[in-house]
Amino acid sequence: MSSTTLLSLGNLSVWYTANHPVLSDFSLDLGTNEVVGLIGLNGAGKTTFIKTVAGLLPNYRLDSAAWNGQPFSFRDKAFKRSRYIVFAEDRSFQYFTFREYLAYVAASYGVPLPDVTGLVKGFRFEDYTDVLLKELSTGNLKKAYLITAFALRPKLLLLDEPVNGLDFQSTEFLYQIMGGYKQYGTLLFSSHILESICLTSDRVLVLEHGRISQTFNGAEIAAGNIREVLADEEHH
C-alpha cells in the first residue's frame, strides 16, 4: 500500500435485515494511487460494500471513517465529488445519450467536460455516443459508464464486476487502463474473475464471511494462491 492513506474504515457492519449482517467487523485501508482488487464468492458482500460507500444503504454502523485523514460520512458532498462508482448493473439516466450523461456528470462533479476520444476508441464505442442509454446493449451500457468513470479521473474509482458484459477487445483495453489508473488516483474493484484481479491489482483483498480475511501483495498475487483460498472458503 502507498505510504499515504486515502480511505480508512474501521469495523463496518452492514445489514438489510436486523441481526443478519452482510458485512461485520469489515476494516479497510486504501492508499493513494493504488489498484486494489476485492474478491470473494457470490454473496460475500462485495456489492453491498460498494453500495454502502455510494451512500445507498442506510443500515450500517462504523467505528471509524477517515478520508484523507479527516473524519467523513459516505454522504458528504466533498466525498461524493471525489469518488465515482460503476455498478455491476445500472439502468439510471435511461433517457440521456452518452454525451448528455457525460456532460451531466462533469457538471455535477464541477469539472470541465473531459475529452473522451481515446476512451471511446479504445472501447470501440464510436457508433453509440448519441444513442439513448436505454437503447444500448448491456455491454455498451457498461462501456458508457466505464468511459465516464475513467474520463472523470476521481481520487477514488469504484468498479463492481467491471468485466461483466464486455467483449474480448474491450476487456483487454479495460485491463490496460485499470493497471494505469494509479497515476490519477486509487481504483478499487470487485470481481469474481481471477484474471482481472491478477493482471491489474497491486493488492488483492479476500472478502470472506463479511470481513477481509486475507490480503495478497505483489508477487503473492497469483491465480493459484487466490484460487486455493476461495476453494477453502467454499468448503467451509
If we ignore angles and hydrogens, is there a donor and acceptor under 3.5 Å between the side chains of [X] and [Y]?
X	Y	answer
Ser24	Ser13	no
Glu195	Tyr175	yes
Asp130	Thr97	no

Could you give the distance from [atom1] ([X]) to [atom2] ([Y]), rounded to the nearest 0.5 Å?
X	Y	atom1	atom2	result
Leu38	His192	CG	NE2	13.5 Å
Thr148	Leu119	OG1	CG	9.0 Å
Ser191	Ile197	OG	CD1	5.0 Å
Leu7	Thr186	CG	OG1	9.0 Å
Thr52	Leu57	OG1	CG	4.5 Å
Leu156	Asn68	CG	CG	10.5 Å

Quick check on the hydrophobic clustering: are [X] and [Y] connected, directly or via other members, by side-chain heavy-atom contacts under 4.5 Å?
X	Y	answer
Trp15	Leu12	no
Ile177	Phe168	no
Leu132	Val105	no

Side-chain contact, heavy-atom cut-off 4.5 Å: [X] with [Y]?
X	Y	result
Thr200	Phe189	yes
Asn59	Val14	no
Leu23	Leu207	yes
Tyr109	Leu152	yes
Asp202	Val36	no
Lys155	Thr32	no
Leu30	Arg203	yes
Phe93	Lys134	no

Minimum heavy-atom distance between [X] and [Y], given as atom pair plus value:
X	Y	value
Glu208	Ser213	OE1-OG, 2.7 Å
Leu62	Gly10	CD1-O, 3.5 Å
Ala151	Val116	CB-CG1, 3.5 Å
Leu159	Ile50	O-CD1, 3.8 Å
Ala54	Ile85	CB-CD1, 3.3 Å
Val86	Ala149	CG2-CB, 3.7 Å

Exercise. Which one of Ile147, Leu166, Leu136 satisfies the side chain to side chain contact (heavy atoms under 4.5 Å, CB included) criterion with Lys142?
Worked result: Leu166
For the pair [X] (side chain) and [Y] (backbone), establish whether a donor and an acceptor sit closer than 3.5 Å, ignoring hydrogens and angles.
X	Y	result
Ser201	Cys198	no
Ser82	Ala78	yes
Asp76	Ser73	yes
Glu220	Asn217	yes
Ser64	Leu9	no

Problem set entry | From CA spacing to verdict: side-chain contact (heavy atoms from CB on, under 4.5 Å), Gln176, Thr171 | CA-CA 9 Å; Gln176 186 187 321; Thr171 301; over 6 Å; no
Is the [X]-[Y] ring centre distance short of 6.0 angstrom?
X	Y	value
Tyr101	Tyr145	yes
Phe125	Tyr128	yes
Phe96	Phe98	no

For this session: Count the heavy atoms belonging to other residues, nucleotides or ligands that lie under 6.0 Å from OH of Tyr95, then report whether that count exceeds 12.
Result: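 Open: at most 12 neighbouring heavy atoms sit under 6.0 Å from OH of Tyr95.
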Exercise. When you look at CD of Glu89, are more than 12 heavy atoms from neighbouring residues, nucleotides or ligands closer to it than 6.0 Å?
Worked result: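 No, CD of Glu89 has 12 or fewer neighbouring heavy atoms, counting only those of other groups under 6.0 Å.
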For this session: With sequence neighbours excluded, tell me which residues meet ring pair (Phe, Tyr, Trp, His ring centres under 6.0 Å) with Phe150.
Result: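 Result, ring pair (Phe, Tyr, Trp, His ring centres under 6.0 Å) vs Phe150: Tyr181.
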Exercise. Does Arg81 have any salt bridge (Lys or Arg N to Asp or Glu O under 4.0 Å) partners at least two apart in sequence or in another chain, and if so, which?
Worked result: none
Exercise. Under the salt bridge (Lys or Arg N to Asp or Glu O under 4.0 Å) test, which residues partner Arg211, sequence neighbours left out?
Worked result: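 If we apply the salt bridge (Lys or Arg N to Asp or Glu O under 4.0 Å) test to Arg211, skipping adjacent residues, the hits are Asp25.
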For this session: Could you please spell out the steps behind the side-chain contact (heavy atoms from CB on, under 4.5 Å) verdict for Thr4 and Asn33?
Result: CA-CA 9 Å; Thr4 319; Asn33 308 96; over 6 Å; no
For this session: Would you sort out whether Arg91 and Thr138 count as a side-chain contact (heavy atoms from CB on, under 4.5 Å), showing the intermediate values?
Result: CA-CA 10 Å; Arg91 287 277 166 189; Thr138 303; 3.9 Å; yes
For this session: Would you mind checking if Arg124 and Asp167 are paired as a salt bridge, meaning a charged N to carboxylate O distance below 4.0 Å?
Result: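 A salt bridge links Asp167 with Arg124.
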For this session: Considering only NZ, NE, NH1 and NH2 on the basic side and carboxylate oxygens on the acidic side, decide whether Asp160 and Lys46 come within less than 4.0 Å.
Result: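 No, no charged N to carboxylate O under 4.0 Å.
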Exercise. Can you say whether the rings of Phe72 and Trp67 are parallel (under 30°), tilted (30 to 60°) or perpendicular (over 60°)?
Worked result: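 Aromatic pair Phe72/Trp67 classed tilted.
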Problem set entry | Test side-chain contact (heavy atoms from CB on, under 4.5 Å) applied to Leu205 and Ile39, step by step | CA-CA 6 Å; Leu205 310 176; Ile39 197 161; over 6 Å; no
